[in-house]
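Before any comments, here is the structure.
In what follows, every heavy atom counts, from backbone to side chain, and hydrogens, waters and symmetry copies are set aside. Count residues from 1 along the sequence.
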Amino acid sequence: MASAAVTYLCIGLALFTSVIGWTVFIRGVARIVTVIRDGAAESGRWNSPWKRLWTSLRVSLSHDTFKNRPVVRVAHWLVMVSFVVLVLTLVASYGQLFNPLYTLPILGHSVVWNWVVEVLAALGAASIIALFTIRIATMVRAKRSGQPRSSRFFGSTRWQAWFVEGVVATVCLAVLFSHGFQYALGQHVGDPFATPLHYPLTSWFGSLVSGWSGEALANAVVIVVTVKIVASMVWMLIVGSDIAMSISWHRFLAPVNIAAGRNADGGKSLGALSLPLVAGNPTPHLAEGFEEVEESVSPTDPDQRPAVIGLGSTEDLTWKDRLDFMSCTECGRCQDLCPAWNTEKPLSPKLMIMALRDNAVAASGFTPTNQAGPDTSDVLGALKAANTAGPEGVAPDNAALAGGVLNPDVLWDCTMCGACVDQCPVDIEHIDHIGNMRRFQVLMESAFPRELTRPFRAMETKSNPYNQSPRKRLDWAAKLDFDFPVIGEDVEDATDLDYLFWVGCAGAYDEKAKRTTAAVAELLHTAGVSFGVLGSAEGCTGDPARRAGNEILFQMLAEASIETLDEVKAKRIVVTCAHCFNSIANEFPQLGGHYDVIHHTQLLNRLVREGALTPVAPDPEQAQTVTYHDPCFLGRHNRIYEPPRELLGSDVNLDLVEMPQSRELAMCCGAGGARAWMEETRGTRIASARVDQALSTGATTVATACPFCTQMLDSAIPSEADLEVKDVAVLLLEGVHRGKEGTRPRQ
């Protein structure tokens, strides 16, 4: 067997590193628990525990959150599974230090087990090579393009990724080499289990070294398993020493974070913005009076910090916020699709989460060693507003998030398009964090972009951000040659109507959106669908207020709208604005308003399928090439992708071409998050970048399904470009008019 010198040296080295590694690792676990427990309480995260457990298992094992990257998905899954299985081989390695032919009881001589171990070790090593290659190729491609920010790994802590991948590769290769040497040693001593069947992938290597002496083979086994143990313990030592190294910790924290997600069924935190946090607790009906809410939740101890709305400082972060930050893998999928980041603005969802993570760790009394590469210092300088660390490197407990940890521009550049949340494999709730930080800035600090002052005041006084009179809400219908009832004036309520048509502020006041509103009304009339409108009784849903952080104003507007809808007995509502659709369908229920809401593209598509509307294709010389822009609050937030395309492609028979980014990968128009009311002063205008994508398709028309998308894209078209923006309803109406004129039968 192995020589005494090799055996004693390897045993000593393995045990020494194991004691240190496990000690530091356990201390790291305790520190992470401390960081998370330092967060404020947050209720509602552990309701439906069995459903949450199943969700965590399903998502973790299926990897279904790894979207649009099949190679990465498979490779990461194999690395995850091999990590779990190969832990048992680490246990066996300690026995092999004393007896090179040692195997685990029961499992060790099982053919199935040995196949599983060797196949996973080989595939794990191959997967690490694949992931390493993808990372290098992505970074090199971005560097060669002259746009290093285009790499999703830009800003990630590079050495940590190399270290983790190196350790995993070392362990996988050590398993294979140790098996090969064990096979040769078993053959040498006549072990009946040393057969190619038990060593399916390594027996060939064992045959290559079969000429070695028994002692040499035993020494080789002991040395290789020592390398495996030491590599594993070094990993535990490094990871345990740096609890901000979430690239490694995510494998333990991500399943917990997924289980504690906003939705117990694993649904992404899209659609509705989370309820406002008051002293860490989600609080509905805030508009009833913040003073009453404050009195009901404020601590009785005058020395304690009073209750606040949202997230204003590190002290306000809840345990779930901290768990979110600590679960970040720094994979950059959120950054890859962020419209702000891709138009040279300081906001990167990934870097934001990393900055908040490091600050939370520091505020709990632990100094993070995580540092980004030198090529990202300028970006991090723009992202981080100040160094909040105290004289001993520990951030104060009350470090301000905006203006302290983060540059305020980071908060206000966000369009809340949802790409970051949708792409995140560990279910981090970026939008909710930004929303709560905005709430604090607006409601507690009165610190928000100057451009928002006017729409805030207009929504408060006239219930629309355009500062227009409610009497003008029916101006869009002036040229229609048919009548429809105004509910509350012409009819008492909506009971006998098929739909209440919610026009929305843009649909009532924006000139281009008025065309869409009139087109939808005419199409419904043509199809024989009865509908009514609220006219001057309709108010703003409050979407711009909520997304801008003015939660109290949002709730005032939303509750007024809910009261009106309940009074007129509205049950089925058709909406043309994606933002109104999202608010009524997903956010009104938070305040007690439950309605059957349908977007106009869904309803019109159904009417065409049923034959109630008959569009025809244009003459060949008038044919249009159309590309469809997915509104974020219709597509990504509410998963409505196909009805508009079916209208354009199957029914209207227009030549539909897709942009480079479409459906769930679609780029924002730049209007979300109340950005429609703010100027873009940094980088490229988001709408211009999206128009460039539309122009690259060769289309002459951009079809939209949201008035804000229409506004933003239309205003960004270069004067020399042959491109126009039209709502899907307008294009459909053109086709229906052609049918009435009898120009061509539909094919």
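For Phe448 and Trp677, the gap between ring centers reaches or exceeds 6.0 Å. The aromatic ring centroids of Phe581 and Phe633 lie 6.0 Å or more from each other. Two rings, from Phe484 and His525, have their centers 6.0 Å or more apart.
Taking 4.0 Å as the cut-off between side-chain N and carboxylate O, Glu642 and Arg663 count as a salt-bridged pair. Note on Glu538 versus Arg473: salt bridge recorded, some NZ/NE/NH1/NH2 to OD/OE distance being below 4.0 Å. A salt bridge does not link Asp409 with Lys345: every distance from a Lys NZ or Arg NE/NH1/NH2 to an Asp or Glu carboxylate oxygen is 4.0 Å or more. With salt bridges taken as basic N to acidic carboxylate O contacts below 4.0 Å, one links Glu734 and Lys726. Ion pair Asp422/Arg639 flagged as a salt bridge, since at least one NZ, NE, NH1 or NH2 atom sits closer than 4.0 Å to an Asp/Glu carboxylate oxygen. Contact check on Arg69 versus Asp336 returns a salt bridge, with a Lys/Arg side-chain nitrogen under 4.0 Å from an Asp/Glu carboxylate oxygen. Under a 4.0 Å N-O distance rule, the pair Arg58/Asp64 qualifies as a salt bridge. For Arg547 and Glu587, the salt-bridge test passes: some basic side-chain N is under 4.0 Å from an acidic carboxylate O. Between Arg262 and Glu429 there is no salt bridge, since no side-chain nitrogen of the basic residue lies less than 4.0 Å from a carboxylate oxygen of the acidic one. Between Glu511 and Lys514 there is a salt bridge, since a side-chain N of the basic residue sits under 4.0 Å from a carboxylate O of the acidic one.
With values rounded to the nearest 0.5 angstrom, Thr627 atom OG1 is found 6.0 Å from Glu658 atom CD. In this structure, CD1 in Ile431 is found 12.5 Å from CG in Asn436, a value given to the nearest 0.5 Å. Taking CG from Leu648 and CG from Asp655, the interatomic distance works out to 11.0 Å, rounded to the nearest 0.5 Å. Atoms SG and CE, from Cys668 and Met712 in turn, are 8.0 Å apart once rounded to the nearest 0.5 Å. To the nearest 0.5 Å, the span separating CG on Leu500 from CG on Leu497 amounts to 8.0 Å. Between the CD1 atom of Ile598 and the CD1 atom of Ile573 there is a distance of 11.5 Å, given to the nearest 0.5 Å.
Side-chain contact of Tyr595 with Asp566: a donor-acceptor pair under 3.5 Å is present, judged by distance alone. In the model, Gln441 has no side-chain atom that pairs as donor or acceptor with a side-chain atom of Arg438 under 3.5 Å. Side-chain N/O atoms of Ser561 and Thr541 include no donor and acceptor closer than 3.5 Å. Using modelled atom types and a 3.5 Å distance limit, the side chains of Arg439 and Asn550 yield no donor-acceptor pair. A side-chain donor-acceptor contact under 3.5 Å links Arg685 and Ser715. Side chains of His599 and Asn638: no donor on one and acceptor on the other come within 3.5 Å. Under 3.5 Å, the side chains of Asp498 and Ser530 contain a donor-acceptor pair of N or O atoms. Under 3.5 Å, the side chains of Asp543 and Asn582 contain no donor-acceptor pair of N or O atoms.
Using cut-offs of 30° and 60° for the angle between ring planes, the Tyr509 and Tyr466 rings count as tilted.
Around CG of Asp722, the count of heavy atoms belonging to other residues, nucleotides or ligands within 6.0 Å does not exceed 12. Within a 6.0 Å sphere centred on CD of Glu492, other residues, nucleotides and ligands contribute 12 heavy atoms or fewer. Within 6.0 Å of the CG atom in Asp483, the count of heavy atoms belonging to other residues, nucleotides or ligands does not exceed 12.
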Verify ring pair (Phe, Tyr, Trp, His ring centres under 6.0 Å) between Phe708 and His579, making sure each step is shown before the conclusion. CA-CA 9 Å; Phe708 290 104; His579 296 261; 5.3 Å; yes

Using the rule given for side-chain hydrogen bond (donor to acceptor under 3.5 Å, both in side chains), can you reason through Thr625 versus Thr700, listing the C-alpha separation, both sets of side-chain angles and the distance that settles it, and then say yes or no? CA-CA 6 Å; Thr625 301; Thr700 56; 5.3 Å; no

